[in-house]
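Let me begin by presenting the structure, written as structure tokens, before commenting on it.
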Amino acid sequence: MKAEKVWRLGSMGDMQILPGSRHRPPMKKPMWIIVLVLFVCVFLICAYIYPPQSSSACYVFSSKGCKGFVDWLPPMPAREYTDEEIASRVVIKDILNSPAIVSKNSKVAFMFLSPGSLPFERLWDKFFQGHEGKFSVYVHASKTKPVHVSRYFVNRDIRSDQVIWGKISMVDAERRLLANALQDTDNQQFVLLSDSFKDPGPHGNGRYSDRMLPEVEVKDFRKGAQWFAMKRQHAIIVMADNLYYSKFRSYCQPGLEGKNCIADEHYLPTFFQMVDPGGIANWSLTHVDWSERKWHPKSYRAQDVTYELLKNITSIDVSVHVTSDEKKEVQSWPCLWNGIQKPCYLFARKFTPETMDSLLRLLANYSGP
């Protein structure tokens with residue numbers, strides 16, 4: 001018993017001299033890994049929401065282009081189209097995909113939008129001479145019945161209505177002219193004696209109203225001149241459109257929401273940017289001089305009309321616009337005809353009535369470049 005007791009004491013003693021359990025410090029968390037993972041997650045999210053806008057940035061995601069990165073990401077939810085949008089897109093797509101009507105006697109429809117008599121009718125008479133059967137004339141006079149001096153304009157007035165600058169009535173007059181001209185199946189090209197560009201300034205995209213949503217988005221909003229030239233298929237879809245036209249009729253007008261939206265400068269450029277962006281030229285066939293940077297373009301007077309002026313206008317082969325924001329960014333692009341850079345303009349405007357005689361003299365001796 002005594003020995004056993006000694007053993008137990010010894011055992012207890014042994015236990016006392018054994019080193020006690022170690023107090024280990026808390027394990028250090030790999031913070032650098034957490035930070036790295038968070039950084040990568042934020043980078044991927046930002047890259048998905050704001051994808052690179054240039055091909056040079058695409059190597060970050062894939063050597064074959066940006067699509068290699070976004071293919072595995074969930075697609076952005078597509079907006080559900082309204083019944084009216086679906087119907088409109090079906091009609092427009094069918095018209096554009098239909099084969100163009102081939103006429104044995106194709107003509108150009110010249111459509112004149114005027115408050116009354118045409119001050120340059122004698123000049124147009126000279127222009128049309130010798131081309132009988134190749135053109136047709138339509139005149140929309142919004143205030144007084146015109147007095148015609150050219151046989152080409154006699155009995156060519158259509159039913160007209162009041163036109164107010166900046167209002168949708170300008171577009172209504174254009175559509176009225178197109179409707180009358182479309183009745184002649186030989187008319188293949190339609191000219192309103194425009195162009196399309198994106199202007200981030202107050203007189204461009206600053207006129208956009210989000211009340212046009214969802215059908216008209218700001219990314220598609222464009223500005224252009226009223227004067228245009230279009231093919232028959234485009235003229236038909238303009239007449240078929242009511243959905244987008246109604247948006248501009250309701251929300252694009254001077255003074256609405258503190259903006260001065262001018263319907264005839266925005267409706268057609270925006271419409272074609274949405275329905276057939278690859279089918280438009282994006283510049284005007286009608287020259288106008290905005291070099292003075294004023295509210296109105298430069299007006300040519302009698303002393304300005306020279307052979308050099310006409311030569312300069314008909315040699316311009318680059319379309320130029322200046323944005324209306326503070327940057328005053330100069331936008332320019334070549335005028336391409338079937339992929340070949342050529343002069344942009346077939347017509348010019350802002351000539352005062354006093355220039356008539358000078359223009360008639362030059363027309364008799366002038367030939368283009």
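Computed from a predicted structure; not experimentally measured. We number each residue from 1, following the sequence as shown.
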Is there side-chain contact between Leu96 and Asp276, with at least one heavy-atom pair below 4.5 Å? yes
Is it possible for you to say whether Tyr81 and Ile237 belong to one hydrophobic cluster, with membership spreading through side-chain heavy-atom contacts below 4.5 Å? no
Would a 4.5 Å heavy-atom cut-off, applied to side chains only, mark Ile95 and Val91 as touching? yes
Out of curiosity, Leu310 CG to Leu359 CG, how far, rounded to the nearest 0.5 Å? 7.0 Å
For residues Trp283 and Cys344, report the shortest heavy-atom separation together with the two atoms involved. NE1-O, 3.2 Å
Side-chain heavy-atom pair Tyr138, Arg156 within 4.5 angstrom cut-off: yes
Quick one: do Trp333 and Leu336 end up in the same hydrophobic cluster if we chain Ile, Leu, Val, Met, Phe, Trp and Tyr together by side-chain heavy atoms under 4.5 Å apart? no
Specify the closest pair of heavy atoms between Val139 and Ser160, including all atoms of both residues, with the distance to one decimal. O-OG, 4.3 Å
Contact between His234 and Ile280 at the side-chain level, heavy atoms closer than 4.5 Å - yes or no? yes
Roughly how far apart are Phe248 CZ and Leu268 CG, rounded to 0.5 Å? 9.0 Å
From Gln233 atom CD to Lys231 atom NZ, the distance as rounded to the nearest 0.5 Å: 5.0 Å
May I ask you to decide if Val238's main-chain N or O and Arg175's side chain share a donor-acceptor pair within less than 3.5 Å? yes
Any ion pair linking Asp289 and Lys350 (charged N to carboxylate O, less than 4.0 Å)? no
Under a 3.5 Å distance rule, please check whether Thr306 uses its side chain to pair with a backbone N or O of Leu309 as donor and acceptor. yes
Residue pair Gln188 / Ser103: nearest heavy atoms and the distance that separates them: NE2-CB, 4.0 Å
Judged by atom type as modelled, is there a donor-acceptor pair below 3.5 Å linking the side chain of Glu84 to the main-chain atoms of Leu243? no
Does the side chain of Asp184 pick up a donor-acceptor pair with the side chain of Ser136 at under 3.5 Å? no
4.5 Å side-chain heavy-atom contact, Asp125 and Phe153: no
Report yes or no: does Thr352 contribute a side-chain atom to a donor-acceptor pair with the main-chain N or O of Tyr300 at less than 3.5 Å? yes
Does a donor on one side chain sit under 3.5 Å from an acceptor on the other, for Asn312 and Glu308? no
Hey, what do you get for CG (Leu182) to CE (Met239), rounding to the nearest 0.5 Å? 7.0 Å
Using atom types as modelled, flag every donor-acceptor pair under 3.5 Å from a side chain in residues 108-122 to any protein atom, sequence neighbours excluded.
from   : atom 1 : to     : atom 2 : distance (Å)
Ser114 : OG     : Gly116 : N      : 3.2
Ser114 : OG     : Gly116 : O      : 2.9
Ser117 : OG     : Val147 : N      : 2.9
Glu121 : OE1    : His148 : ND1    : 3.0
Glu121 : OE2    : Val149 : N      : 2.6
Glu121 : OE2    : Ser150 : N      : 2.9

What heavy-atom pair brings Trp337 and Pro343 nearest, and what distance separates the two atoms? NE1-O, 3.1 Å
Kindly assign one of parallel, tilted or perpendicular to the pair His131 and Phe127, based on the angle between their ring planes and the thresholds 30° and 60°. tilted
Ile92 and Phe271: CA distance, side-chain angles, deciding distance, side-chain contact (heavy atoms from CB on, under 4.5 Å) verdict: CA-CA 11 Å; Ile92 291 172; Phe271 178 62; 3.9 Å; yes
Do Glu85 side-chain atoms and Asp83 backbone N/O form a donor-acceptor pair below 3.5 Å? no
Can you find a pair of side-chain heavy atoms, one from Val318 and one from Gln341, that are under 4.5 Å apart? yes
Thr314 side-chain N/O to Lys311 backbone N/O, donor-acceptor pair under 3.5 Å: yes
Give me the atom names and distance for the closest heavy-atom approach of Lys134 to Asn105. NZ-OD1, 4.3 Å
Would you sort out whether Val191 and Leu285 count as a side-chain contact (heavy atoms from CB on, under 4.5 Å), showing the intermediate values? CA-CA 9 Å; Val191 178; Leu285 298 181; 5.7 Å; no
Shortest non-hydrogen contact from Asp304 toward Ser299: OD2-O, 4.0 Å
Side-chain heavy atoms nearer than 4.5 Å, only ILVMFWY residues, links allowed to pass through others: does that put Met356 and Leu363 together? yes
Rounded to the nearest 0.5 Å, what separates atom CZ in Phe272 from atom OH in Tyr267? 7.5 Å
Check against side-chain contact (heavy atoms from CB on, under 4.5 Å), Gln273 and Thr270: CA-CA 5 Å; Gln273 168 64 26; Thr270 301; 5.5 Å; no
Is the shortest side-chain heavy-atom distance between Asp264 and Trp165 below 4.5 Å? no
Between the CG atom in Asp186 and the OG atom in Ser106, the distance rounded to the nearest 0.5 Å is 7.0 Å
Are more than 12 heavy atoms, taken from residues, nucleotides or ligands other than Gln162, located less than 6.0 Å from that residue's CD atom? no
Using side-chain hydrogen bond (donor to acceptor under 3.5 Å, both in side chains) as the criterion, list what pairs up with Thr355, not counting sequence neighbours. none
Other residues, nucleotides and ligands only: do more than 12 of their heavy atoms fall within 6.0 Å of CG on Asn155? no
Transitive ILVMFWY side-chain link Ile164 to Val171, under 4.5 Å: no
For atom NZ of Lys167, decide whether the heavy atoms of other residues, nucleotides or ligands shown that lie under 6.0 angstrom number more than 12. no
Check step by step if side-chain contact (heavy atoms from CB on, under 4.5 Å) holds for Leu177 and Phe190. CA-CA 9 Å; Leu177 281 162; Phe190 302 79; over 6 Å; no
According to the interplanar angle, ranging from 0 to 90°, do the rings of Phe135 and Phe128 count as parallel (below 30°), tilted (30 to 60°) or perpendicular (above 60°)? parallel
